[in-house]
Amino acid sequence: MMSLFLLLVGIIAGVVSTVGGLASLVSYPALLVLGLPPVTANVTNTAGLIFTGVGSALASHRELKGHTRDLCMLLPLTIIGCIIGALLLFAIPEATFQKVVPFFILAAGILVLVPRHIQVNTTSKISKVTLKTVGAWIGVLLVGIYSGYFGAAGGVLMLSMLSVISNAPFAEYNAQKNLALGAANCVSTIVYLLQTKIHWVLILPLGVGFLIGGLIGPQIVRWIPDYLIKLVIGIAALGLALSLFIHAYF
């Protein structure tokens, strides 16, 4: 029964992850409901999310085509950051972890709801290097650190950075976000293996669901208007932040 529950949670979370980067809106609270401590739930969630990265990469080959230069910058920065973040997870007390997470997610929700003028064209080149884009690349590194540390709403933060860096349409830089965070989750899990016990009995059904959801999500992004996706993502992030704030402080 629990395996079926985790499978369904994984499918929904996988779709939400690949569409907007908020898998933990679904999967993290579900793992808390099962009685897992916050850090254990985070480790389990991150390991399962590897499968979302695999599914989304397979389903997004069209959107990723021609973005090699972008990915050569994005992937190393994200991976270096996530290694740092994964190590921080075990250096910071669990009580502190639980209390700061709602504020990270609140920031992510606000960022995605702030209107932005994004120049969209058919090119796949990195936009002209400016102080703004350099700051955004530094932001990518910081998002990598955050993703290795916790990861909930990390996709929303990454989308915010890529909206500044990339001239590509939303569907294309969303696919880049999925691939980068998939790699980050893989590296983070390797670090976690060296630090703590991984609950594979929970990860396997959750991971299968994530894989299915990861295959479905990119198909949805191709058809739903960008502004609607961002509105739903932002509101959902604010709701998750409020829920986790109440759980942590009351």
Side-chain angles (χ1 to χ4, degrees), residues 17 20-25 28 38-39 42-43 45-46 49-50 52-53 67 69-93 96-114 116 118 126-168 170 173-192 195 230 233-234 236-238 240-241 244-245:
S17 174
L22 269 174
S24 299
L25 174 68
Y28 180 69
V39 171
N42 179 56
V43 169
N45 189 52
T46 299
L49 278 167
I50 293 172
T52 299
H67 287 286
R69 184 183 171 190
D70 305 49
L71 293 171
C72 283
M73 284 285 289
L74 180 63
L75 290 173
L77 285 173
T78 306
I79 289 171
I80 291 169
C82 82
I83 293 172
I84 297 170
L87 293 173
L88 285 175
L89 178 65
F90 299 97
I92 297 174
T96 302
F97 169 86
Q98 190 174 10
K99 290 183 182 298
V100 300
V101 162
F103 298 100
F104 285 130
I105 299 178
L106 175 64
I110 293 172
L111 277 173
V112 82
L113 287 172
V114 172
R116 286 178 175 81
I118 303 173
I126 298 286
S127 55
K128 183 180 179 180
V129 177
T130 63
L131 184 60
K132 190 176 182 181
T133 55
V134 170
W137 280 120
I138 295 172
V140 167
L141 176 65
L142 295 175
V143 172
I145 293 173
Y146 170 71
S147 297
Y149 175 68
F150 179 55
V156 179
L157 292 168
M158 185 66 81
L159 283 174
S160 299
M161 297 302 104
L162 292 177
S163 71
V164 174
I165 295 166
S166 180
N167 288 327
F170 175 82
Y173 68 76
N174 183 63
Q176 294 175 50
K177 175 267 296 179
N178 290 335
L179 184 61
L181 293 185
N185 290 326
C186 186
V187 173
S188 295
T189 300
I190 293 172
V191 176
Y192 295 159
Q195 300 287 334
K230 293 175 183 178
I233 292 168
L238 297 181
L240 176 60
L244 293 179
F245 178 83

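This chain uses plain numbering: 1 for the first residue, then up along the sequence. In what follows, every heavy atom counts, from backbone to side chain, and hydrogens, waters and symmetry copies are set aside.
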* **Nearest atoms (heavy-atom pairs only) where Tyr149 meets Tyr192** => O-OH, 4.4 Å
* Distance-minimising heavy-atom pair for His67 and Ala168 -> CE1-CB, 3.7 Å
* Give, for atom CG of Leu141 and atom SG of Cys82, the distance between the pair rounded to the nearest 0.5 Å. => 10.0 Å
* Partner set under side-chain contact (heavy atoms from CB on, under 4.5 Å) for Ser17, not counting sequence neighbours -> Ala23, Leu49, Thr52
* Assess whether side chain to side chain contact (heavy atoms under 4.5 Å, CB included) is satisfied between Asp70 and Tyr173, documenting all intermediate values. => CA-CA 9 Å; Asp70 305 49; Tyr173 68 76; over 6 Å; no
* Asked: Which residues pass the side-chain contact (heavy atoms from CB on, under 4.5 Å) test with Phe245, sequence neighbours left out?
  -> Pro102, Phe103, Tyr249, Phe250
* Asked: What are the two closest heavy atoms between Leu71 and Pro76, and how far apart are they?
  -> O-CD, 3.7 Å
* Asked: With a 4.5 Å heavy-atom cut-off, do Ile165 and Val140 have their side chains touching?
  -> yes
* From NZ (Lys177) to CG (Leu157), nearest 0.5 Å -> 11.5 Å
* Asked: Is there a donor-acceptor pair under 3.5 Å between the side chain of Ser166 and the backbone N or O of Leu162?
  -> no
* **Closest approach of Leu181 to Ser147 (non-hydrogen atoms, all atoms of both residues)** => CD2-OG, 3.6 Å
* Structure fact -> Sequence neighbours excluded, the answer for side-chain contact (heavy atoms from CB on, under 4.5 Å) partners of Ile50 is Asn185, Cys186, Thr189
* Check Gln195 against Leu87 and note the closest heavy-atom contact, atom names and distance. => NE2-CD2, 4.0 Å
* Structure fact -> Rounded to the nearest 0.5 Å, the CG atom of Leu142 sits from the CG atom of Leu77 at a distance of 10.0 Å
* Ile84 CD1 to Ser188 OG distance, which is reported to the nearest 0.5 Å -> 11.0 Å
* **Separation between CE of Met158 and CG of Leu74, rounded to the nearest 0.5 Å** => 5.5 Å
* Asked: Any side-chain heavy atom of Ile83 sitting closer than 4.5 Å to one from Val187?
  -> yes
